[in-house]
Amino acid sequence: MIDQPNYSRRQRSVVVSEPQHQRGASPSEPQGAAGPLGRMAWRPLLLLPLLSVAVSGNTAPRFNMSIVSVPEDLPVGASAFRLTAVDADGDQLHYGMSGQDAFYFKVNSTTGEVLLVASLDREEKAKLSVIITVTDQINTEVSGKLAIIVEDRNDNPPIFQNQPYITDLSETWPIGSSIYRVLATDADSGNAGRVRYEIVSVTPDDAKNHQLFYVLQNGTVVLNGSLSYNNQSTYYQLRIHATDGVGCVENCTYLSSVAYLSVNVVDEPDLAPQFLNEPYVGSVPENCPLGTPVLTVSAIDRDKGVNYALNYSLLNASVPFAIHLALGTITVRSALDRERLPSEEMLLEVLVQEEKLDVYGQVAQASATVTIQVTDVNDNTPQFYECELPACDFTASPQSSFRGSLQEHSSTRVPVDGLRIVAHDPDKGSNGAFELRLQGPDAASFSVSPSRLTGTGAVQVLVKDPSTVDYERAHVMTVEIIANDTGNPGNCCSIATVTIQLLDINDHSPRFGQSTYRLQVLENSPAGTVISSNITATDPDSADFGRITYRLLPETILDIFAVNASSGEVLVHNGSLLDRETRSVYYATLQALDGGGMTGSTYLEITLQDANDNAPVVSGSYNVFVNEGQENISVQIQAFDNDEPGTGNSHLRFQLEPGAFSANFTIDPATGVLRSLGVLDREALGRALQGKVVVTVRVHDLGEPQLSSLVNVTITVEDVNDNVPVFLNKPYAFSVREGRAGTFVGSVEAEDADHTEVHHRISFQLGSSSSSFLLRSIRLGPGHYQGNLSLDPDVALDYDRLGPAHFNLTVRAENTGTGDALNVVSTTVYVQVLDVNDEPPTLEPASLQDVSVAEDAQPGLLTTLQASDLDTNHSLHFQELGLACYKGAGSAGHVCQDWFYLAPNGSVFLNSSQIDYEVCDLVTITLRVEDTRTEEGNPYSNNATLRILISDVNDNRPEFLRINDTFVVVPEVSPVDLPVAVVKARDADTESRGAITFTISKVVFLQDNGPNHTLSSVFKVVTAAEGDLYVGSIQVASNLDGSLKGRYQVTVEAQDGGTQSLSSLAVLDIFTVDQSYRVRLVFSTSVNEVQDNSDKIKAALTVATRATVYVAVIQSAADASQSRSSRAQEKSVMEAYFVYSNGTALGVNELSILVQSNQQALSELIQLGLTIIGPGTVVEPSKEKELIGVIVGLAAGLVLLLLVMTLALLATSRSYRRKVKAMKALKMASTLTANVAQQGPAIPGTNKYNAEGANPVLNLTLDPPADLGFDEDSDADDASLNSLDENMVENPAEGGSPGPPVLQLGRAGAPAHLGSREEPLTAALQAHRTNPASQPARPPGDPNRTFTFSNPCLDTTDL
């Protein structure tokens, strides 16, 4: 692990290195007797190949890539990316890859295609770094670092933090309040790292509990229902799912995890107390001593977690009881008399209250009903009361005398009527039991029921001996009832006297004097006629029982006869039914009924006497048919009489009754023969008689009174056709309106005097010149006909096409009798034709052409419609039938209802200035024309449609969509044309008017802690259309200045394509990540290896930082011109930015802390060769500077050729002087302490300080005897001693045993242990750490000699 990272004041670098195995000089290193001088002598010769290449003119290839991305779920064997390099000479290139992360990939050296050979995991390593190489096999191999970013995929489930989740919750917690917040984090990024929460189950598991809680998407759990400590569960366990992938749209993978939230419900004093063992029932005897306990009530506080003291009290204070305040014991408070209490059961209302207020600030209380039974003591005598149960008042005085009645000879156990005796003993149970018995003069005839009672009961006196209960012997009987309480000898008995009034009964039936009576009555006698008055019956019973009423039987006889109910007289009820000729004798029974229902009867025979009550009856009917003009007509009339034969009542005579035709006939009085006196004419009789002559004949008898009958003799005179038709109401003149085919014109009428249909039927006919007319005959009455003249249905007269507009028609009336010739008469009919407005109007098609109007047009006349009508007297009006609004192919609703107006004269007006093409582009008006003077036919024209086309104008500005994203740009890694932001807009106009073009109108750089700058040509925008949505991609237009700190405020203008274009502005911020956030990562591997492992390096850094890694450059340490601390082990440098999506970036300090805090990522980075994390220094040379550098390099090479020998001669002396100075510094360090060390700021770029003699190791105690390696054969000069500004992490080298990373101060790229030839400064520092002044120094080969050192004044200069 990294311990105490040390930062220099200038570089603030973190040096990461691996401990090396002890090793000697490399065999490849040049060795010779010259020692240091020889070694230094050949080094300048290395420049010779470089100079020769420069002179030849062939340039080396170069990479144009520094960073690539690979998805972490890329399958092994798939193509990851392709290496590309540029060679100006077009030479064949060969690619390679190396580095600690290179094992993930395999490179095709010819094509540069890179295949994945090991699985990736972004969460383990988010960034890989490899060294990629390319060579044209002419120039020196070119290498570079390639950062490979492992793109995230959703392969990590959310992880709940800070478990377990437990909370206590009051049962009165308000609904809708939050109760807890859970948190789950997801190692993935983007939507894959966004988490949503869901409660999937609640224990106890039921539907109600599942609705009791819900969770918000921030993890807050909210109470959704009420809790109850007593009535519901006191514990809930919520199973909460956290699922990632929120916001994913397609190809989604969801992972989830589970956590449990335990909710303990805390009881609150919110429940009223509760009584136990209800119901409460107790008893106490009457007359008991005061203070006698009855029972004890008890209650509990239902709040199981909170219990308060309880107090008892009685709500009904008038009861003779009291209750103990704390114990709840009920005692007798006043004297008890059960019989005086309203009820022997007394109900007490007991109230219990908690001593303290409940959670609502109220008194918690409950009530209970206590039933106390007051038991009885036998202390009362039974008494008698006159009442009926249950409506008896036993508080009133008792009675001793009662009265009743009874019919004589009543059956055994029949009770005496009218007695209301109730015996009552107020004592209860056996104390209220008593016996009943009878005494007195008539006690033997009766008994008492019941013989024993308990408490209260009705008492009856029953017949015991019916024979002795006799009204004729005694009308009144008396008994006494004794009530004896055997349980109370001292006050046992009471007596009641009962007086019984006997009632008589009916025991005799009525009787008649004889069994049969024969009676006579005249038929048709009036109602009320007395037939017999001396028929009576007798009954010896008295009063009602001896009172007799009479009636006739059977009941059917009552329709004819009646009887006086009280006297017995037999009467005629309905004389009209007494008809001797129908029935001469009637039989009936006369019944007598007394008041007791007993009956007696006798038999009646009633004979009817004859009377002249039947008129003569004429046999048959008399209808005679004769032809008019016939003579000698005779008819025989026959009749009979039903009265008694041989009497005047049945002898008949005939005579004619006066009438219209009686003078034309005569009749024989005895025989009844009727004869005519002359000839009969049908037409003279009148049409209403239909040829019928009626003569009335009277037939009468000779009885008293005389009766007669009438009979009509009908003589029908048959008609003969002897009359011709006659026209009525002449002359005939009519008029008819044109165009009315089949219309009625007029009528003609004619009559025929003959009476019969066959002789007076008339038919009408038209002459040959009337083909346009029809004539229909209609019968109006007998012999009266009408001819209806109408136009032919197929002929419509046209007034304008007729010559003379009139017709003269000949109409004939024809009559044909049976066997007679045709009778014809004729007349002339004049018909005038009238003109009619009957033509419909017509719309002119030319005026219905489509009308176009711009949506910005002002109200006014659009067009005028035209119509015509053939009629001369027309009046035309235009009507709007409907208006429809359309947009595109669909309806636009009713938005255009008020836009247009159709006037009655056909003018179409624009009625509104608010028409809008964007909501409606087509309006159709359905219309027609009406002829208001039309008399017949359709007054309307055919419906037509006028189309009004609304044309679009440029009246809508582009509308930007809301910008919700944060845009970030890293200037150094943002090439030209790189998209850095997006804007979107719409324009409601159509065609070119709705086409949007985006432009950058203004760019202002808002500098942090500095003035703002207006820039130009920094960004550009590319417009693309996506349907009706236009997207502006804001791209880098020129190289951005990486030194600027702040943000770009970009104003984007969206302009439409209208003739007079409209525009809108949107302002967005693009945050910059300046070069101060550039971080330098030094690797011990080659550039090719770093480039090959760049994805792994980036993945590891992304895991550690959660930031996006932008690689600026991967180069060798020798090419890093700003890095003067390059060492033999530092082969490559990666410089990068670490940026978050909100625009913030990591500095070197924050990056170092995050990397060191993630052990897995740190170990992976160390394995990939990371040695130093420090601030980046960026030099972006221009092309001109590069050219100057080449020229200067060539010149310097020539100079070096001239000076090479001079340098070789001076090498030995310089090395000697440097080592002498180091020895002198060592001696000074061993003699000085830290408090005498010279303080002060360092001189940058040197190891000197402001005070002479100052040295960074003056505060150390060194061990001079130790071999510091200053001998002439030391290899210490193989590498620079300048390592005091670097913190190095030691890790086991390849082939060594693994161990934790150790931060160690030492030579970058040099072995930590060299045996007897350790580096002097390293040895001194190790000796100081492990061997304080009080302890002997550790030997140089001791492996535990490590040291951690921090000094703010150290500089990157050789000591």
Side-chain angles (χ1 to χ4, degrees), residues 2 5-8 10-16 66-67 69 122-129 145 147-152 185 187-190 193 966-974 980 1008-1009 1040 1042-1047 1069-1083 1090 1094-1114 1122 1133-1166 1168 1170-1178 1286-1287 1289:
I2 297 178
N6 299 302
Y7 305 96
S8 71
R10 291 181 66 247
Q11 298 287 339
R12 299 172 64 190
S13 301
V14 177
V15 179
V16 185
S66 61
I67 184 170
S69 298
R122 190 198 70 85
E123 286 70 37
E124 291 183 1
K125 196 165 189 177
K127 180 180 178 184
L128 307 177
S129 180
K145 289 186 178 180
I148 304 174
I149 304 300
V150 181
E151 294 180 347
D152 190 26
T185 59
D188 295 316
S189 61
T966 301
F967 304 116
V968 183
V969 62
V970 181
E972 188 176 354
V973 294
S974 300
V980 295
D1008 295 343
N1009 301 323
L1040 303 179
S1043 63
L1044 296 178
K1045 299 182 179 181
R1047 69 181 187 273
D1069 290 334
I1070 303 177
F1071 295 88
T1072 65
V1073 179
D1074 60 86
Q1075 290 183 349
S1076 64
Y1077 292 99
R1078 184 167 178 170
V1079 178
R1080 180 169 62 101
L1081 306 175
V1082 180
F1083 292 85
V1090 174
S1094 61
D1095 288 344
K1096 295 182 180 180
I1097 295 172
K1098 290 172 63 178
L1101 291 171
T1102 301
V1103 170
T1105 63
R1106 302 291 182 183
T1108 303
V1109 182
Y1110 296 92
V1111 177
V1113 66
I1114 300 176
Q1122 297 298 323
V1133 174
M1134 173 190 286
E1135 299 202 2
Y1137 295 89
F1138 298 84
V1139 183
Y1140 292 102
S1141 60
N1142 61 358
T1144 61
L1146 292 176
V1148 63
N1149 292 338
E1150 296 86 350
L1151 175 63
S1152 300
I1153 294 172
L1154 292 175
V1155 170
Q1156 295 173 39
S1157 63
N1158 192 317
Q1159 295 301 316
Q1160 181 179 356
L1162 176 60
S1163 298
E1164 185 175 357
L1165 290 172
I1166 292 174
L1168 294 173
L1170 179 63
T1171 59
I1172 299 174
I1173 301 176
T1177 56
V1178 180
E1286 309 288 357
N1287 296 327
V1289 178

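Note that the coordinates shown come from a computational prediction; the quantities given were computed from them, not determined experimentally.
Here the straight-line distance linking atom CG of L1162 with atom OG of S1152 works out to 10.5 Å at 0.5 Å rounding. Within the model, atoms CG of L1101 and CG of L1165 stand 5.0 Å from one another, a figure rounded to the nearest 0.5 Å. Of the inter-residue distances, the one linking S66 atom OG with Y1110 atom OH reads 12.5 Å to the nearest 0.5 angstrom. Distance CD1/I1173 to CG/L1154: 10.0 Å, rounded to 0.5 Å.
Scanning for salt bridge (charged side-chain N to carboxylate O under 4.0 Å, His left out) contacts around E151 gives R153, with sequence neighbours left out. Under the salt bridge (charged side-chain N to carboxylate O under 4.0 Å, His left out) criterion, R1047 pairs with D1069, not counting sequence neighbours. Looking at residues two or more places apart in sequence or on another chain, you find a side-chain contact (heavy atoms from CB on, under 4.5 Å) between V1113 and R1078, Q1115, E1135.
Taking both residues in full, the closest heavy atoms of N1158 and A1104 are given as ND2-CA, 3.8 Å, listed atom of the first, atom of the second, then distance. Nearest heavy atom pair, residue A187 against residue R122, reads O-NH2, 2.7 Å. Between A1161 and A1100, the closest heavy-atom pair is CB-O, 3.5 Å. Taking each heavy atom of V1109 and I67 in turn, the nearest pair found is O-CD1, 3.5 Å. Residues V970 and Y1137 come closest through the heavy atom pair CG1-CD1, 3.4 Å.
Side-chain N or O atoms of S1157 include one that pairs as donor or acceptor with a backbone N or O of I1153 at under 3.5 Å. Between the side chain of T1072 and the backbone N or O of G1046 there is at least one donor-acceptor pair closer than 3.5 Å.
Side-chain atoms of F1138 and V1073, non-hydrogen and from C-beta on, never get closer than 4.5 Å to each other. L1146 is listed as a side-chain neighbour of Y1140, based on a closest heavy-atom distance under 4.5 Å. Side-chain contact between L1040 and V969 is present, with at least one heavy-atom pair separated by less than 4.5 Å. Contact annotation: the side chain of D188 approaches that of E123 to within less than 4.5 Å [non-hydrogen atoms, C-beta and beyond]. Residues F967 and I1070 are in side-chain contact: their nearest non-hydrogen atoms beyond the backbone lie under 4.5 Å apart.
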